Amino acid sequence: MLTLRLPDGATREAPEGALPREIVASIGSRLLRDAIAVEVDGEVLDLTTPLRKGGAFRVLTEKDAESLSVLRHSGAHILATAVRRLRPDAKIGFGPSIEDGFYYDFEVEEPFTPEDLEKFEAEMRKVIAEKFSFVREEVSQPEAQKRFADDPLKLERLGEFSSDEIISTYTDGPFVDLCRGPHVPDTGYLKHFKLLHTAGAYWRGDERRQMLQRIYATAWFRKEDLEAHLHRLEEAKRRDHRALSQLLDLYSTDARVGPGLILWHPKGAIVRNEIENYERALILRHGYELVYTPHIVSEKLFQISGHLENFKEGMFGAMDVDGAAYRPKPMNCPGHICIYQSRQRSYRDLPIRYAEFGAVYRYERSGVLHGMMRVRGFTQDDAHVFCTLEQVPAEIERLMDLCDEMLRTFGYPYTIELATRPEKALGSPELWKQAEATLADVLTKRGQAYEMDEGGGAFYGPKLDFKLIDAIGRKWQGPTVQLDFNLPERFGLEYTGADNAAHRPIMLHRVLVGSMERFVGGLIEHFAGAFPLWLAPEQVRVIPIADDFREFAASVVRRLKARGARAHLDDRSETLNYRIRDGETMKVPYMAVVGKREAEADSIALRVRGAGKKQEILTVADFTARVEDELATRALVP
RNA sequence: GCCACAGUAGCUCAGGGGUAGAGCACCCGAUUCGUAAUCGGGCGGUCGUGAGUUCAAAUCUCACCUGUGGCUCCA
């Protein structure tokens with residue numbers, strides 16, 4: 001007999017092999033109707049999987065997060081059912097649930113078209129209407145081989161089962177799949193879903209294997225959730241930095257320059273320059289020294305650093321300079337190291353913190369390029385701290401303060417991940433343990449919550465990753481801090497200790513924005529192009545109602561400029577409505593409208609971006625003071 | 001790099017073997033306006049590039065370039 005503990009503390013006895021459905025039914029018929037699956041001892045099972053062990057027993061309904069992935073996984077089977085009906089030649093790959101939905105991979109002679117997708121979706125609705133039960137069977141290897149005789153991809157997977165593993169299949173109507181489960185009781189449970197797009201995907205994620213056709217879909221229990229999700233997709237599209245940059249004239253690329261290389265237009269350059277000016281002042285205050293290093297360097301430097309050995313295919317090719325090979329730098333660290341080594345260093349000099357806005361060039365494969373987010377040339381706000389092992393905790397503290405201050409300025413909430421030793425790693429496991437513990441200690445001492453990213457560290461050391469959360473809840477790579485045991489060793493970095501002996505310093509790599517290009521791209525999407533005042537390329541647009549007030553408007557512009565604001569006069573021969581609409585479209589934070597009343601009172605009628613007709617009347621003096629204050633504090637307004 | 005899709009005026013897009021279209025933007029003129037598009041006129045394209053099929057190609061074929069969605073990769 002198995003003992004099941006219910007959440008309310010009650011226990012049930014059930015014979016081994018009993019079906020969860022029976023247990024749930026014994027608790028209540030209403031509950032049985034709502035049940036999607038059960039969780040026994042931490043494992044999610046469907047209602048028809050025989051119980052093999054007891055433990056904590058919980059019924060999962062639509063309200064439980066785990067249920068969604070069960071539904072989505074079943075959705076994948078329903079998709080495959082529909083595809084197999086319409087395209088019997090399709091060989092089935094894998095079809096898991098993923099964040100927000102599911103996909104299924106098929107191997108087909110003729111790739112799917114968008115019209116196919118519509119047909120599949122219609123066919124899925126039929127499968128759903130037929131309410132096929134998901135029937136689980138546990139079968140022997142030979143039986144499984146027989147069932148999937150026509151599916152080479154499934155046979156390959158079957159071949160990997162060890163003899164003690166249970167092989168299970170799930171059947172819904174005409175479709176049988178090799179599958180661990182769990183599933184919803186029948187196909188009728190899938191109600192609110194949408195096929196989204198097709199894509200190529202390598203079989204088993206291996207680029208040496210054949211490419212399958214993947215169909216992506218989203219699925220939810222409630223119609224509102226589906227609609228909200230589709231709305232989020234729309235919202236993300238609306239915020240796309242590529243389209244907004246076109247509208248706002250921030251950057252472009254040009255086939256003549258080459259893909260993945262960004263041309264910053266004047267307005268984009270203003271945003272970037274504001275960030276750089278801010279960050280420069282910030283890091284000087286936090287104890288950094290600015291340096292500059294060349295864009296091309298002898299490739300010998302990268303032989304020493306190991307980049308050539310490990311990332312050669314990510315580096316641009318060598319150019320011949322007087323018989324020596326030079327390369328565009330993919331990293332700034334070797335240059336900073338050379339500065340460190342330009343003279344003898346004492347323990348009294350440490351920590352040394354070098355910072356540079358360094359342009360780096362990396363060869364990215366053509367298919368991965370994406371707007372400003374993934375490019376071949378970008379500027380890193382890179383810094384390297386050289387310190388003793390004992391100084392590491394204090395330096396990490398300092399870095400966390402720095403990151404926190406910066407992210408608050410931009411208005412990003414964030415989470416932190418501690419990434420630990422990967423499989424392929426340099427340095428002894430003990431050293432790693434110690435370094436990981438040091439990072440964890442600092443986090444704990446600060447009361448900073450963090451998640452573990454096991455095995456996510458760089459090969460040369462563990463790291464802290466800051467993940468930004470943007471205005472629509474998406475996560476972005478933010479600042480990172482990495483410990484490095486490798487480069488100090490490779491370059492033979494030294495400092496003279498108090499004991500007059502040579503010691504090896506520790507190196508910390510850190511970036512705040514990371515890639516300036518990617519960060520600005522992210523900001524555009526975060527703010528949907530409506531930058532806060534201090535970042536906005538055009539901060540105030542002054543609009544005279546008629547030509548008679550042109551001179552007064554010009555004086556308002558002059559006075560704003562004197563306070564350091566980017567103000568422009570819009571005295572075009574267009575209607576007031578036209579110019580206001582244009583200002584809103586271009587997402588100008590403030591429009592100052594002036595007519596007879598304002599000219600007489602030395603005031604403006606202030607239209608705040610997004611506030612519509614609701615206007616404020618204030619004197620020019622008050623307005624310029626307000627703007628000056630908001631600029632000085634980098635306020636996240638309007 | 002791989003799979004699929006796309007590329008027509010500065011932008012957004014229609015057309016789809018027989019004379020290249022619209023709206024916006026831009027230029028000119030009129031209009032001088034109280035909070036999201038005033039009116040009229042004009043300029044603007046070897047239909048991504050190159051080959052091929054055809055009496056005829058923006059349209060069909062192929063190659064290449066660029067972009068988009070994924071896969072793979074991301075020091």
Side-chain angles (χ1 to χ4, degrees), chain A residues 103 105 107-108 110-114 116-117 196-216 240 242-243 246-247 249 252-260 302 305-315 329-334 360 362-371 373-375 380 457-461 463 477 480 482 484 486-487 509 514-515 518 543-550 571-586 591-598 605-615 617:
Chain A
Y103 67 75
D105 286 343
E107 185 174 19
V108 283
E110 288 293 310
F112 303 132
T113 63
D116 285 336
L117 233 52
L196 297 175
H197 51 257
T198 60
Y202 297 110
W203 168 231
R204 313 208 79 170
D206 184 342
E207 62 178 317
R208 290 163 305 190
R209 313 273 323 243
Q210 72 268 41
M211 186 153 278
L212 310 181
Q213 295 297 313
R214 176 170 296 177
I215 297 175
Y216 280 96
D240 191 315
R242 294 163 302 181
Q246 167 83 4
L247 172 73
D249 198 14
S252 62
T253 57
D254 187 317
R256 292 168 301 178
V257 176
F302 301 120
S305 71
H307 287 119
L308 208 49
E309 192 183 325
N310 289 302
F311 301 104
K312 189 171 185 179
E313 61 295 338
M315 291 173 69
K329 65 174 171 182
M331 292 293 269
N332 299 302
C333 10
V360 296
R362 300 177 183 180
Y363 171 72
E364 298 280 3
R365 300 208 279 180
S366 60
V368 307
L369 300 174
H370 179 85
M373 302 298 188
R374 194 77 183 269
V375 293
Q380 262 187 333
F459 72 91
Y460 51 73
K463 60 179 180 174
Q477 177 64 51
T480 76
Q482 310 189 341
D484 188 348
N486 178 43
L487 288 179
H509 306 246
S515 153
R518 186 189 315 205
I543 304 176
I545 281 173
D547 286 352
D548 288 351
F549 315 109
R550 194 184 263 171
D571 59 353
R572 288 178 291 178
S573 174
E574 299 285 356
T575 59
L576 179 64
N577 278 336
Y578 177 93
R579 286 174 291 160
I580 283 175
R581 182 188 154 82
D582 187 62
E584 284 290 347
T585 305
M586 298 309 286
M591 279 185 270
V593 179
V594 297
K596 185 153 179 282
R597 296 196 292 268
E598 289 75 20
L606 179 64
R607 187 186 167 107
V608 179
R609 179 180 60 207
K613 279 197 212 298
K614 206 171 63 188
Q615 56 173 333
I617 309 291

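Values in this document were obtained by computation on a predicted structure and should not be read as measured data. Proteins get letters first, then strands, A, B, ... in listed order; numbering begins at 1 in each.
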Among [options], which is the nearest nucleotide to the side chain of [X]?
| X | options | result |
| --- | --- | --- |
| Ala255(A) | rU66(B), rU38(B), rG1(B) | rU66(B) |
| Pro259(A) | rU35(B), rU66(B), rC33(B) | rU66(B) |
| Tyr578(A) | rA37(B), rA36(B), rU35(B) | rA37(B) |

Counting Watson-Crick and G-U wobble pairs only, both distances under 3.5 Å, name the nucleotide matched with [N], or none.
| N | result |
| --- | --- |
| rG44(B) | none |
| rG16(B) | none |
| rA30(B) | rU38(B) |
| rC71(B) | rG1(B) |
| rA63(B) | rU49(B) |
| rA57(B) | none |

Euclidean distance for [atom1], [N] against [M] (whole angstrom):
| N | M | atom1 | answer |
| --- | --- | --- | --- |
| rU19(B) | rC24(B) | C1' | 26 Å |
| rG45(B) | rG10(B) | C1' | 12 Å |
| rG41(B) | rG23(B) | P | 10 Å |
| rA58(B) | rA51(B) | P | 13 Å |

Contact state string [nucleotides 8-14 of chain B, B base, S sugar-phosphate only, - no protein heavy atom under 4.0 Å]: ---S---
Annotated protein contacts, base or backbone, on nucleotides 68-75 of chain B with a non-hydrogen cut-off under 4.0 Å, one of B, S, - each: SBBBBBBB
With a 4.0 Å cut-off on N to O distance, would you call Arg204(A) and Asp206(A) a salt bridge?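 Judged by the 4.0 Å cut-off on N to carboxylate O distance, Arg204(A) and Asp206(A) do not form a salt bridge.
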Which part of the nucleic acid does Glu107(A) contact within heavy-atom distance under 4.0 Å: base, sugar-phosphate only, or nothing?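 No contact.
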Reckon Asn577(A) touches a base, only the sugar-phosphate, or nothing at all at heavy-atom distances under 4.0 Å?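 Sugar-phosphate contact only - Asn577(A) comes under 4.0 Å of backbone atoms but never of a base.
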CE on Met373(A) to CZ on Arg242(A), rounded to 0.5 Å: 8.5 Å
What is the distance from atom OG1 of Thr198(A) to atom CD of Gln213(A), rounded to the nearest 0.5 Å?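 Here the rounded value is 6.5 Å.
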Strictly distance-based, threshold 3.5 Å: is any side-chain N or O of Glu598(A) a donor or acceptor partner for the main-chain N or O of Gly595(A)?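 At least one qualifying donor-acceptor pair exists.
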Is a side-chain N or O of Arg362(A) found less than 3.5 angstrom from the main chain of Pro330(A), in a donor-acceptor match?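 Pair found, side chain donor or acceptor close to backbone of Pro330(A).
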By nearest heavy atom, map Ile580(A) and Arg572(A) onto RNA chain B; which one lands nearer the 5' end?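 Comparing both residues, the 5'-ward one is Arg572(A).
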In whole angstroms, the gap separating C1' of rC33(B) from CD1 of Ile543(A) amounts to 12 Å
Which word best sums up how the rings of Tyr216(A) and His197(A) line up, parallel for under 30°, tilted for 30 to 60°, or perpendicular for over 60°?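 Tilted.
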Phosphate oxygens OP1/OP2 of rA36(B): is one of them under 4.0 Å from a side-chain N or O of Lys613(A)?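 Answer is yes, contact under 4.0 Å.
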Taking only N and O in the side chain of Thr575(A), is any of them less than 4.0 Å away from OP1 or OP2 of rU38(B)? yes
